[in-house]
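Since the structure comes first, as structure tokens, the remarks are kept for the end.
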Protein chains: 2
Amino acid sequence: MKSDVFKKIPKMLIYRLSVYYRTLNKLEEAKTKSISSYELSQIVGFTAAQIRKDLTYFGQFGRPGKGYDVSVLRDNLKEIIGINKSWNVALIGVGFLGRALISYKGFRKQHFVIVCAFDNDPKKIGQRYNDIEVFSQDRMEEIIKKMGVDIAILAVPEGVGDTIIKELAGTGVKAVLSFSPLTLLPPEGMKVNQVDLSVELEGLSYYLSHLEE
Amino acid sequence: MKSDVFKKIPKMLIYRLSVYYRTLNKLEEAKTKSISSYELSQIVGFTAAQIRKDLTYFGQFGRPGKGYDVSVLRDNLKEIIGINKSWNVALIGVGFLGRALISYKGFRKQHFVIVCAFDNDPKKIGQRYNDIEVFSQDRMEEIIKKMGVDIAILAVPEGVGDTIIKELAGTGVKAVLSFSPLTLLPPEGMKVNQVDLSVELEGLSYYLSHLEE
DNA sequence: TAGATTGTTAATCGATTAACAATC
DNA sequence: TAGATTGTTAATCGATTAACAATC
């Protein structure tokens with residue numbers, strides 16, 4: 001059954017799940033006990049029908065006439081998203097961006113724990129930032145395997161991203177979040193989410209250029 | 001006619017345009033003179049049909065039997081995206097992330113120029129990073145108007161994002177790229193692109209959790 | 001019970017893909 | 001000319017929205 005349930009969901013649904021989860025966390029902090037799909041829709045900006053539809057991909061979480069119990073739905077989403085456990089994260093590249101990520105407090109709360117960092121600047125190797133040790137880039141495979149890294153975050157300069165992705169493929173890491181622009185298609189079996197500054201800015205440029213219409 | 005042409009394009013097309021543009025730039029550097037939709041499809045990973053379809057929203061840029069002239073298509077995309085000119089960018093928040101953005105060399109090349117930065121840490125105000133002056137947060141409206149800022153980049157800690165978006169609405173800035181998680185819906189007329197670390201990581205978590213299926 | 005709201009099916013809308021006549 | 005490849009229309013696929021019976 002499980003394999004059936006999770007088969008084909010709309011691509012954007014995963015992003016909406018994160019938004020629902022975050023919103024429910026906020027509601028719980030505010031001691032809200034229950035919420036209807038309509039009320040939730042007012043907060044997140046999607047339609048109530050879409051929210052209900054989205055949830056049906058995973059089960060039934062509400063009560064007709066009553067709405068959803070905030071903490072029940074939250075806990076279910078937590079499990080669906082897969083953050084009812086912690087994931088081990090390796091940070092590759094300890095420049096400004098890398099250090100911004102290391103010092104980002106939201107990580108632990110969200111069940112992603114940076115366990116090691118890599119750089120090939122000799123001045124950085126062996127140092128600790130926020131208690132995370134920086135290793136030499138050539139020890140990537142060794143350390144990643146030893147520490148059981150699930151996810152790699154790429155914060156390296158433009159140009160070297162593709163090379164590192166290839167090296168990562170060899171370590172068994174199956175999920176990567178890259179802040180470095182990549183030009184090659186990701187290797188088979190590796191999921192790569194790209195945060196792409198140019199693409200985001202160019203989206204804004206397009207919007208501004210075609211505003212009058 | 002223009003107003004007709006740009007009316008309703010698929011949401012994801014804008015992102016693909018950026019990918020085409022970047023790829024064509026690379027091809028031009030490599031002295032490739034012309035390329036077919038099929039060859040391009042092999043590089044970017046979308047289908048040839050989609051590439052041709054995407055381009056028809058904006059005009060006819062190829063020659064049947066011949067393909068596309070790399071530099072002609074590139075120049076057209078440049079204008080379509082709106083980067084045949086420069087946009088003035090204000091950086092809000094000069095922490096690690098802010099400084100990573102300031103030192104990112106890709107900016108100028110891509111026609112986005114950081115013209116000013118804001119922070120409310122007294123130690124930072126008045127300083128210059130990469131020749132960009134940091135102003136006090138309360139002078140945001142004044143400076144942004146004076147400098148003709150088009151786009152604001154939000155690199156502030158979690159929690160303050162919503163407040164600053166509201167302030168920005170008053171300055172006339174219509175496009176924002178936010179690295180800070182926002183919970184409120186953006187004000188009318190303001191386009192906000194969010195780079196959301198939690199959402200990206202949770203997407204990976206979902207993928208890893210449902211791998212076997 | 002009456003009112004509210006879910007879960008789900010059917011209808012609509014939008015985006016992608018296939019196919020091919022036009023044309024270099 | 002023959003072969004290649006575009007631009008575009010029609011067919012398909014997928015995602016969203018509307019509607020409503022079921023149910024609390």
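The neighbour count for Gln42(A) CD, taken as heavy atoms of other residues, nucleotides or ligands under 6.0 Å away, is above 12.
Among residues two or more places apart in sequence or in another chain, the salt bridge (Lys or Arg N to Asp or Glu O under 4.0 Å) test is passed with Glu158(B) by none. Scanning for side-chain contact (heavy atoms from CB on, under 4.5 Å) contacts around Thr163(B) gives Glu167(B), with sequence neighbours left out. Taking Lys145(A) as the reference, Glu141(A) meet the salt bridge (Lys or Arg N to Asp or Glu O under 4.0 Å) condition, with sequence neighbours excluded. Glu142(B) is linked by a salt bridge (Lys or Arg N to Asp or Glu O under 4.0 Å) to Arg139(B), counting only residues two or more places apart in sequence or in another chain. With sequence neighbours excluded, no residue forms a salt bridge (Lys or Arg N to Asp or Glu O under 4.0 Å) with Asp150(A). Taking Tyr104(A) as the reference, Phe107(A) meet the ring pair (Phe, Tyr, Trp, His ring centres under 6.0 Å) condition, with sequence neighbours excluded. Every residue was checked against the side-chain contact (heavy atoms from CB on, under 4.5 Å) condition with Pro64(B), not counting sequence neighbours, and none meets it. Residues satisfying the side-chain contact (heavy atoms from CB on, under 4.5 Å) test with Val44(B), not counting sequence neighbours, are Val19(B), Tyr20(B), Thr23(B), Leu40(B), Phe46(B), Ile51(B).
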Could you write out each protein N or O paired with an N or O of nucleotides 18-23 of chain D at a distance under 3.5 Å?
residue	atom	partner	partner atom	Å
dA19(D)	N6	Arg52(A)	NH2	3.3

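What separates NZ of Lys11(B) from P of dA15(D) is a distance of 12 Å, to the nearest Å. Here dA15(D) presents its P atom at 14 Å from OH of Tyr15(A), a figure rounded to the nearest Å. A straight line from CG of Leu55(B) to P of dT5(D) spans 16 Å, rounded to a whole angstrom. If you measure from atom CG of Asp54(A) to atom C1' of dT8(C), you get 14 Å, rounded to the nearest angstrom. Rounded to whole Å, atom P of dC24(C) lies 15 Å from atom CG of Asp69(B). Computed from coordinates, the Lys66(B) NZ to dG7(D) C1' distance equals 17 Å when rounded to whole Å. Atom CZ in Arg63(A) sits roughly 13 Å away from atom P in dT5(C) (whole-Å rounding). Taking atom NZ of Lys8(B) as the reference point, atom P of dG14(C) lies 8 Å away to the nearest angstrom.
Regarding contacts with the backbone of dT16(D), a side-chain N or O of Gln50(A) is found under 4.0 angstrom from either OP1 or OP2. Taking 4.0 angstrom as the limit, Tyr68(A) places a side-chain polar atom (N or O) nearer than this to OP1 or OP2 of dG7(C).
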*Could you write out DNA chain D as a dot-bracket string, with dots for unpaired bases, | for bases paired across to another strand, and Watson-Crick or G-U pairs counted at under 3.5 Å?*
..||||||||||||||||||||||
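Results of the side chain to side chain donor-acceptor pair (under 3.5 Å) test with Arg52(A) over Ser37(A), Ser41(A), Ser36(A) single out Ser37(A) as the only residue that passes.
Proximity of residues 24-42 of chain A to DNA chain C (heavy atom under 4.0 angstrom from any strand atom) is restricted to Ser36(A), Ser37(A).
Residue Gln60(B) has its side chain nearest to dT8(D) when only dT16(C), dG7(C), dT8(D) are considered.
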Side-chain donor-acceptor pairs under 3.5 Å in residues 83-97 of chain A, sequence neighbours left out?
residue	atom	partner	partner atom	Å
Trp87(A)	NE1	Gly82(A)	O	3.0
Trp87(A)	NE1	Ser205(B)	OG	2.8

